[in-house]
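For this chain, numbers begin at 1 and follow the sequence in order. The figures here come from the full heavy-atom set of this structure, side chains too, leaving out hydrogens, waters and symmetry mates.
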Amino acid sequence: LVELFGEDRVYGGGLRVYTALDRNWQRQAYDTVVSNFPQPGPESSIVAVGADGRVRAMMGGRDFNVSELNLATGADGGGSGRQPGSSFKPFALAEALAQGYSAQARLPAPSCVALEIPGDTWDVCGGGASGGHTLLSATASSSNVVYAQLMLELGPENVIDMAYTLGVESELPIVPAIVLGSGEVSVLDMASAYSTFRD
């Protein structure tokens, strides 16, 4: 606001600023970031988005005056994003459903798989189950081996397009490992995209 209107008008001009922020949500976000993590620990951030897609609370770190970064907004806040880890898997699930897969579709789930990708072999472990997993059970158990196979069936570019469709704005690498959390995404992007998943 200061950049747009100048300090005199912002602080003395009687402007009214309307926001979707909720004081109670913001207080809880503040307490979570500031009180629950030790000072020397890793920085953290939180974004809470309401069912209408509006930001209700945002904490970009413990102290902006010290870091001068808003971790919640990633590169737009002066920092970088964070690897999304397994929180990226629901984008692959959404793309699978869009391509006509059933949530009960079953894929093999050995303890480890060696998958052929252009110019290399992609070794993935984690989330094995005798008899395989359905897409639903693979999501519940966060099965890396199932989602790695699914990613190659769907095509990384299609899964990334789905992430963009759902609200991710960070630039993402078009690689199969994105489904296991490679690349960087802002907390705001993830919260915004997840707000599209409703019952």
Side-chain angles (χ1 to χ4, degrees), residues 1-94 126 139-140 142 144 147 159-175 177-199:
L1 291 176
V2 169
E3 286 179 14
L4 288 173
F5 303 113
E7 285 190 16
D8 290 345
R9 189 160 179 213
V10 169
Y11 296 116
L15 296 179
R16 290 175 186 258
V17 178
Y18 296 92
T19 177
L21 290 177
D22 181 293
R23 287 182 187 211
N24 292 327
W25 289 31
Q26 185 65 32
R27 187 176 303 109
Q28 291 175 29
Y30 176 87
D31 289 344
T32 300
V33 169
V34 174
S35 303
N36 293 340
F37 295 96
Q39 270 305 100
E43 279 287 358
S44 59
S45 62
I46 290 178
V47 174
V49 178
D52 59 2
R54 293 182 175 156
V55 174
R56 299 294 189 222
M58 179 186 291
M59 280 294 292
R62 276 191 206 89
D63 190 341
F64 183 82
N65 292 322
V66 172
S67 67
E68 296 190 1
L69 299 173
N70 181 345
L71 297 173
T73 56
D76 288 343
S80 63
R82 293 288 186 264
Q83 290 191 331
S86 289
S87 68
F88 207 86
K89 288 174 181 167
F91 302 139
L93 177 60
T139 304
S142 192
N144 288 347
Y147 268 93
V159 174
I160 288 167
D161 283 346
M162 176 59 76
Y164 290 146
T165 297
L166 294 174
V168 171
E169 295 183 0
S170 306
E171 188 173 335
L172 300 170
I174 303 174
V175 295
I178 191 79
V179 78
L180 304 181
S182 67
E184 293 184 340
V185 184
S186 75
V187 178
L188 179 59
D189 269 4
M190 292 303 287
S192 177
Y194 264 62
S195 75
T196 65
F197 296 132
R198 298 189 195 126
D199 319 278

Do the side chains of [Y] and [X] get nearer than 4.5 Å, heavy atoms only?
| X | Y | result |
| --- | --- | --- |
| Phe197 | Leu166 | yes |
| Val187 | Ile46 | no |
| Phe5 | Tyr11 | no |

Stepwise side chain to side chain contact (heavy atoms under 4.5 Å, CB included) check, Met59 with Val47: CA-CA 7 Å; Met59 280 294 292; Val47 174; over 6 Å; no
Nearest heavy-atom neighbours spanning [X] and [Y]:
| X | Y | value |
| --- | --- | --- |
| Trp25 | Ala48 | CE3-CB, 3.7 Å |
| Gly60 | Asn70 | CA-OD1, 3.1 Å |
| Arg27 | Asn24 | NH1-OD1, 3.0 Å |
| Gly167 | Asp189 | O-OD1, 3.9 Å |
| Pro173 | Ile178 | CD-CD1, 3.9 Å |
| Phe88 | Val159 | CE2-CG1, 4.0 Å |

When Ile160 is tested against each of Leu172, Val168, Thr165 for side chain to side chain contact (heavy atoms under 4.5 Å, CB included), which residue passes?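 Checked Leu172, Val168, Thr165 against Ile160; only one passes side chain to side chain contact (heavy atoms under 4.5 Å, CB included): Leu172.
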Using the rule side chain to side chain contact (heavy atoms under 4.5 Å, CB included), only one of Ser45, Ser186, Ser44 pairs with Leu71; which is it?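 Testing Leu71 for a side chain to side chain contact (heavy atoms under 4.5 Å, CB included) against Ser45, Ser186, Ser44 leaves exactly one candidate, Ser45.
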I'd like to know whether CD of Gln83 has more than 12 heavy-atom contacts from other residues, nucleotides or ligands below 6.0 angstrom.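 More than 12 within 6.0 Å, yes.
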Is the count of non-hydrogen atoms from other residues, nucleotides or ligands lying under 6.0 Å from Tyr30 atom OH greater than 12?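 No.
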Donor on one side chain, acceptor on other, Thr139 and Tyr147, under 3.5 Å: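 Note: Thr139 and Tyr147 side chains meet the donor-acceptor criterion.
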Criterion side chain to side chain contact (heavy atoms under 4.5 Å, CB included) on Ser142 and Lys89, from CA distance to verdict: CA-CA 8 Å; Ser142 192; Lys89 288 174 181 167; 2.8 Å; yes
Quick one: does Gln26's side chain have a donor or acceptor within less than 3.5 Å of a partner on Met58's backbone?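 Judged by distance alone, yes, a pair lies under 3.5 Å.
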Does the Ser182 side chain pair with the main chain of Ala177, one donor and one acceptor, at a distance under 3.5 Å?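 At least one qualifying donor-acceptor pair exists.
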Would you give the length of the straight line joining atom OG of Ser195 to atom CZ of Arg54, rounded to the nearest 0.5 angstrom?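 Ser195 atom OG to Arg54 atom CZ measures 12.0 Å (nearest 0.5 Å).
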